[in-house]
Amino acid sequence: MARIFSGIQPTGIPTLGNYLGAIRNWVTLQAEHECIFCLVDLHAITQFQDPATLARQTREQAAVLLACGIDPAGHIFFNQSAVSAHARLAWIFNCVARLGWLNRMTQFKDKAGKDREAQSAGLYVYPNLMAADILAYHATQVPVGDDQRQHVELTNDIAQKFNHDYGVDFFPEVAALIPPTAARVMSLRDGTKKMSKSDPSDQSRINLTDDADQIALKIRRAKTDPKPLPADPAGLEGRAEARNLIDIYTALSGETRQGVLDRFGGGGFGPFKEALAAVLVEHLAPIAAETQRLLRDETAIDAVLRDGAGRAGAVAEPIVREAERLVGFLR
Ligand code: TYM
């Protein structure tokens with residue numbers, strides 16, 4: 001039984017991208033594996049967060065994940081800052097990872113944009129903290145969307161260099177588990193940009209708490225091109241927005257692209273968009289309703305996270321203490 005670790009930043013309501021790329025996988029993996037899921041608030045502050053908003057969003061995000069089916073009793077569910085082992089191991093990894101490795105990280109380049117000099121040092125070393133999250137538990141499987149692939153590869157580079165430098169075989173190799181479809185859900189406004197919970201435009205994404213009217217409106221307004229839908233998947237090449245909508249549909253309905261195009265190919269986007277909105281509402285309405293129910297008792301949510309943090313710490317503490325001993329820290 002592999003140990004699974006994954007995380008999500010509490011910087012907004014989880015989106016359909018988070019759901020199809022990661023959360024849905026987390027829920028199913030629980031049936032067969034020991035899972036540890038984390039709200040990564042240390043990662044969130046690599047870009048400034050208003051304190052009251054961060055606290056509220058951490059709780060809201062916990063509610064959404066519980067509503068999606070994360071089982072906090074059978075598995076471990078907590079917020080990162082509550083377990084100090086993450087930050088301690090991350091510091092060691094800051095001293096193991098090379099600047100050249102971090103300079104290759106595409107997500108830093110995307111997030112920093114042109115203004116590199118003005119970014120926090122935390123944003124730059126963010127992937128080292130992510131490696132610490134995973135390796136503090138000796139987890140070996142990491143269910144993520146496609147955008148995290150490079151960070152998981154870096155985790156292996158860090159583990160190997162640590163093992164090599166200290167002459168041990170201590171940190172295991174880890175594998176990214178990336179879904180076959182919808183591993184990179186794109187913005188509804190721009191098919192070249194990833195759907196993101198922190199995009200300034202709410203119209204660019206479906207939030208897991210959107211109601212049926214919001215979903216229908218966003219899908220109706222979703223950017224498309226003027227051509228009809230193609231009869232076969234090859235016709236989606238070069239049509240990023242059309243492909244994105246078809247892929248969302250296939251990921252939710254379990255059909256193939258060809259199956260969907262057999263029904264909607266040759267026609268305009270109108271009827272397809274209506275069907276897409278319906279399938280989204282069918283999947284997301286129960287999550288939104290359960291989230292609202294859970295948020296009526298904030299104390300209960302905080303207690304779930306506190307309990308998870310206690311159990312996470314019990315797993316991570318001996319592993320990180322051993323890493324500290326290997327490095328030569330006196331106790
Ligand atoms: P975050 O918060 O950006 O996203 C959480 C998860 O959702 C996936 N995802 C997507 N998948 C498909 N399409 C999209 N448009 C989309 N947007 C996001 C992400 O790939 C991710 O799996 N660095 C991570 C959090 C993290 C982590 C970790 C993950 C911190 N420590 C350790 C795994 C293991 C992040 O910012 O995810």
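Just so you know, ligand 1 is whichever comes first in the structure, and atom 1 is the first atom listed for that ligand.
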Enquirer: Identify the closest protein heavy atom to atom 37 (O) of ligand 1: which residue and atom is it, and at what distance?
Expert: Q148 NE2, 4.0 Å
Enquirer: If the cut-off is 4.0 Å to any non-hydrogen atom of R184, which atoms of ligand 1 fall inside it?
Expert: 12 (C), 13 (N)
Enquirer: Do me a favour and list the nearest non-hydrogen protein atom to atom 15 (N) of ligand 1 with residue, atom name and distance?
Expert: V185 O, 2.8 Å
Enquirer: What atoms of ligand 1 come within less than 4.0 Å of a heavy atom belonging to A22?
Expert: 6 (C), 7 (O), 22 (O)
Enquirer: Hey, looking at atom 22 (O) of ligand 1, which of P179, P10, G145 has the closest heavy atom?
Expert: G145
Enquirer: Donor-acceptor check, side chain of E324 to backbone of R88, threshold 3.5 angstrom: yes or no?
Expert: no
Enquirer: How close does the nearest protein non-hydrogen atom get to atom 10 (C) of ligand 1, and which residue and atom is it?
Expert: G17 O, 3.4 Å
Enquirer: Identify which one of K273, R257, R263 satisfies the side chain to side chain contact (heavy atoms under 4.5 Å, CB included) criterion when paired with Y249.
Expert: R263
Enquirer: Do the side chain of K218 and the main chain of R205 share a donor and acceptor less than 3.5 angstrom apart?
Expert: yes
Enquirer: Would you say N207's side chain and D210's backbone share a donor-acceptor pair under 3.5 angstrom?
Expert: no
Enquirer: Would a line drawn from the ring center of F5 to the ring center of H138 be shorter than 6.0 Å?
Expert: no
Enquirer: Minimum heavy-atom separation for N79 and C38, please, with both atom names.
Expert: C-SG, 4.4 Å
Enquirer: Can you sort out which atoms of ligand 1 are near Y126, meaning under 4.0 Å from one of its heavy atoms?
Expert: 23 (N), 24 (C), 35 (C), 36 (O)
Enquirer: Take Y126 and Q9 through the side chain to side chain donor-acceptor pair (under 3.5 Å) test and state the conclusion after the steps.
Expert: CA-CA 12 Å; Y126 173 119; Q9 294 195 60; 2.8 Å; yes
Enquirer: Which of the numbered atoms in ligand 1 are under 4.0 angstrom from any heavy atom belonging to H43?
Expert: 30 (C), 31 (N)
Enquirer: Closer than 4.0 angstrom: is that true for some heavy atom of D147 and an atom of ligand 1?
Expert: yes
Enquirer: Does ligand 1 have a heavy atom under 4.0 Å from the side chain of Q9, from its backbone, from both, or from neither?
Expert: both
Enquirer: N/O to N/O below 3.5 Å, does that happen between Q107 and ligand 1?
Expert: no
Enquirer: Please work out whether any backbone atom (N, CA, C, O) or any side-chain heavy atom from C-beta onward of D133 is under 4.0 Å from ligand 1, and answer side chain, backbone, both or neither.
Expert: side chain
Enquirer: Are side-chain N/O atoms of Y124 and N103 paired as donor and acceptor at under 3.5 Å?
Expert: yes
Enquirer: Which heavy atom in Q141 sits nearest to a heavy atom in A2, and how many Å separate them?
Expert: CG-CB, 3.4 Å
Enquirer: Specify the protein heavy atom at minimum distance from atom 28 (C) of ligand 1: its residue, its atom name, and the distance to 0.1 Å.
Expert: M130 CG, 3.3 Å
Enquirer: Taking only heavy atoms of S6, which atoms of ligand 1 are found under 4.0 Å from at least one of them?
Expert: 29 (C), 33 (C), 34 (C)
Enquirer: Under 4.0 Å from a heavy atom of K194: give me the atoms of ligand 1 that qualify, with their elements.
Expert: 15 (N)
Enquirer: Number the atoms of ligand 1 from 1 as they appear, then name those within less than 4.0 Å of a heavy atom of V142, with their elements.
Expert: 33 (C), 34 (C)
Enquirer: Nearest to atom 25 (C) of ligand 1 by heavy atom, G7, P14, A132, P127: which?
Expert: G7
Enquirer: Just checking, is any N or O donor in the side chain of D247 or N244 under 3.5 Å from an acceptor N or O on the other one?
Expert: no
Enquirer: If you take all heavy atoms of V315 and I76, which pair is closest and at what distance?
Expert: CG2-CD1, 4.1 Å
Enquirer: Taking atom CG of D169 as the centre, report whether more than 12 heavy atoms of other residues, nucleotides or ligands fall under 6.0 Å from it.
Expert: no
Enquirer: What do we get for I134 next to ligand 1 when only non-hydrogen atoms under 4.0 Å count, side chain, backbone, both or neither?
Expert: side chain
Enquirer: Backbone, side chain, both or neither: what part of I8 comes under 4.0 angstrom of ligand 1, heavy atoms only?
Expert: both
Enquirer: In the protein, what heavy atom is nearest to atom 5 (C) of ligand 1, and what distance, to one decimal place, separates them?
Expert: N18 ND2, 3.5 Å
Enquirer: K197 near ligand 1, heavy-atom distance under 4.0 Å?
Expert: yes
Enquirer: Pick one of side chain, backbone, both or neither for how H151 approaches ligand 1, counting any non-hydrogen atom pair under 4.0 Å.
Expert: neither
Enquirer: Kindly confirm or rule out an N or O of F5 lying under 3.5 angstrom from an N or O of ligand 1.
Expert: no
Enquirer: Report the relative orientation of the aromatic rings in Y166 and F162; use parallel for angles under 30°, tilted for 30 to 60°, perpendicular for over 60°.
Expert: tilted
Enquirer: If we ignore angles and hydrogens, is there a donor and acceptor under 3.5 Å between the side chains of N156 and Q160?
Expert: no
Enquirer: What do you reckon, does M186 have a nitrogen or oxygen under 3.5 Å from a nitrogen or oxygen of ligand 1?
Expert: no
Enquirer: Can you check whether F93's main-chain N or O pairs, donor with acceptor, with K161's side chain at less than 3.5 Å?
Expert: no
Enquirer: Where on A183 is there a heavy atom closer than 4.0 Å to ligand 1, on the side chain, on the backbone, on both, or on neither?
Expert: backbone
Enquirer: At under 4.0 Å between heavy atoms, is it the side chain or the backbone of V40 that contacts ligand 1, or both, or neither?
Expert: side chain
Enquirer: Do any N/O atoms on M195 end up under 3.5 angstrom from N/O atoms on ligand 1?
Expert: yes
Enquirer: Measure across A159 and F171 and return the closest heavy-atom pair with its distance rounded to 0.1 Å.
Expert: CB-CB, 3.7 Å
